[in-house]
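Please read the structure below before turning to the comments.
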Amino acid sequence: MMLRLTTLLFAGLLAACNHSGQWISESEGGSASLAERGDTLEIVAPEGLTLWYPEPLSGDYRIRYDATVVIGGGAHDRLADLNCFWAASDPQHPDDFFARSAWRAGTFARYNSLDLFYVGYGGNDNTTTRFRKYHGGRFGAPADEVKPLLGQYTDTAHLLRPNRPLRIEITVACGRTTYAADGEVLFSRELAPGEGDGYFGLRLLANHTLIANFGIERL
């Protein structure tokens with residue numbers, strides 16, 4: 001069954017921990033703006049922004065969307081940081097993922113408090129594309145212990161290109177999670193039972209991004 005976001009009611013400015021349409025936002029400085037244009041969500045994030053799909057996912061599923069980082073002379077047009085979280089949970093609040101949403105407030109370092117998978121596509125000013133596993137129970141420890149690096153690309157073919165849509169597919173199925181871009185599986189990892197369960201979030205930083213054709217498929 002495909003769950004599609006066909007009525008995205010986005011408008012205006014978002015404060016930290018704000019419900020907007022069918023996403024829940026955590027916006028650093030409350031300065032992000034979102035607008036629906038047909039089947040496309042246009043996001044301008046002057047600072048850190050995480051948009052959480054509001055329902056947890058479990059079992060086998062696939063998340064798909066087309067993402068474009070816009071470069072057109074806008075004040076916040078920046079070719080970097082087309083990122084995402086998935087299978088996210090809060091070890092301190094296993095029954096209330098949004099209990100610390102206002103505290104996280106889009107501040108990247110505070111996501112170290114969560115258990116999740118992360119891909120930073122075009123991170124570090126579009127010089128790396130990295131796959132990490134976060135261990136929220138180690139919050140406060142050195143970063144390499146909290147979120148060890150599982151894989152990395154630095155070649156141009158696996159970095160962002162201006163105004164070029166990427167088809168992102170994240171799959172959790174048969175005890176494995178994969179992250180693919182334009183049909184190429186970039187990262188893959190075996191999962192412990194239940195390790196793929198949790199929340200999905202778009203993670204952006206200081207950029208202007210278009211998200212289109214978002215859907216979740218139960219496998």
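Throughout, residue positions are numbered sequentially from 1 according to the sequence presented. Only heavy atoms go into these numbers, but all of them, side chains included; no hydrogens, no water, no symmetry mates. A quick note: this is a predicted structure, and the numbers were derived from the prediction, not measured.
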If you round to the nearest 0.5 Å, how far is CD of Gln152 from CZ of Phe131?
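Phe131 CZ to Gln152 CD: 13.5 Å, rounded to 0.5 Å.
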
Between Tyr179 and Phe117, does the ring pair (Phe, Tyr, Trp, His ring centres under 6.0 Å) criterion hold? Intermediate values first, please.
CA-CA 10 Å; Tyr179 176 99; Phe117 291 103; over 10 Å; no

Closest contact, heavy atoms only, [X] versus [Y]:
X	Y	value
Ala45	Ala32	CA-CB, 4.3 Å
Thr171	Arg62	OG1-NE, 3.0 Å
Thr209	Val69	OG1-CG2, 4.3 Å
Asp81	Asn207	O-ND2, 3.0 Å
Leu159	Thr154	CD1-O, 3.7 Å
Ala102	Ala105	O-CB, 3.2 Å

Side-chain contact test, heavy atoms from C-beta onward, threshold under 4.5 Å: evaluate it for [X] versus [Y] and give yes or no.
X	Y	value
Arg64	Ile216	no
Ser27	Glu47	no
Leu41	Leu34	yes
Arg189	Leu150	yes

Leu204-Val44 co-clustered via ILVMFWY side chain contacts under 4.5 Å:
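No, separate clusters.
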
State which residues pass ring-ring contact (aromatic ring centres under 6.0 Å, His included) with Tyr118; sequence neighbours excluded, sorted by chain then number.
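Only Phe85, Phe108, Tyr134 meet the ring-ring contact (aromatic ring centres under 6.0 Å, His included) criterion with Tyr118.
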
Output all residues satisfying ring-ring contact (aromatic ring centres under 6.0 Å, His included) with Phe200, sequence neighbours left out; order by chain, then residue number.
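With sequence neighbours excluded, Phe200 shows a ring-ring contact (aromatic ring centres under 6.0 Å, His included) to Tyr65, Phe214, given in chain and number order.
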
By side chain to side chain contact (heavy atoms under 4.5 Å, CB included) - contacts of Ser58 (at least two apart)
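Checked Ser58 against side chain to side chain contact (heavy atoms under 4.5 Å, CB included); matches are Asp197.
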
Given 3.5 Å as the limit, does a donor-acceptor pair link the side chain of [X] with the main chain of [Y], or not?
X	Y	result
Arg110	Trp103	yes
Asp115	Gly136	yes
Asn83	Tyr121	yes
Arg203	Gly106	yes
Ser89	Gly198	no
Arg78	Leu205	yes

Give the C-alpha distance, both sets of side-chain angles, the deciding distance and a yes or no for side chain to side chain contact (heavy atoms under 4.5 Å, CB included) between Asp182 and Leu166.
CA-CA 6 Å; Asp182 286 344; Leu166 275 174; 3.4 Å; yes

Begin with the C-alpha distance, continue with both residues' side-chain angles, and end with the deciding distance and a verdict on side chain to side chain donor-acceptor pair (under 3.5 Å) for Thr50 and Glu26.
CA-CA 5 Å; Thr50 303; Glu26 295 172 355; 4.8 Å; no

Enumerate the salt bridge (Lys or Arg N to Asp or Glu O under 4.0 Å) contacts for residues 135-144, please, sequence neighbours excluded, ordered by first and then second residue.
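Checked against salt bridge (Lys or Arg N to Asp or Glu O under 4.0 Å) - neighbours excluded - no pair reaches residues 135-144.
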
Relative to the ring of Phe97, is the ring of Trp52 parallel (under 30°), tilted (30 to 60°) or perpendicular (over 60°)?
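Trp52 vs Phe97 ring planes: perpendicular.
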
Hydrogens and angles aside, do Tyr53 and Gln22 bring a side-chain donor and acceptor to less than 3.5 Å of each other?
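Looking only at side-chain atoms, Gln22 and Tyr53 do not form any donor-acceptor pair under 3.5 Å.
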
Test: ring-ring contact (aromatic ring centres under 6.0 Å, His included). Region: residues 151-176. Which pairs qualify, not counting sequence neighbours?
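Of all non-adjacent pairs touching residues 151-176, those that pass ring-ring contact (aromatic ring centres under 6.0 Å, His included) are Tyr153-His158, Tyr153-Phe187.
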
Let's go through Arg100 and Asp90 carefully: what are the C-alpha distance in whole Å and the side-chain angles of both, what is the deciding distance for salt bridge (charged side-chain N to carboxylate O under 4.0 Å, His left out) to 0.1 Å, and is it a yes or a no?
CA-CA 9 Å; Arg100 294 197 286 177; Asp90 185 343; 2.8 Å; yes

Under 4.5 Å between side-chain heavy atoms, chaining through other members, with only Ile, Leu, Val, Met, Phe, Trp and Tyr counted: pull out the rest of the cluster around Leu149, sorted by chain and number.
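Its cluster partners, ordered by chain and number, are none at all.
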
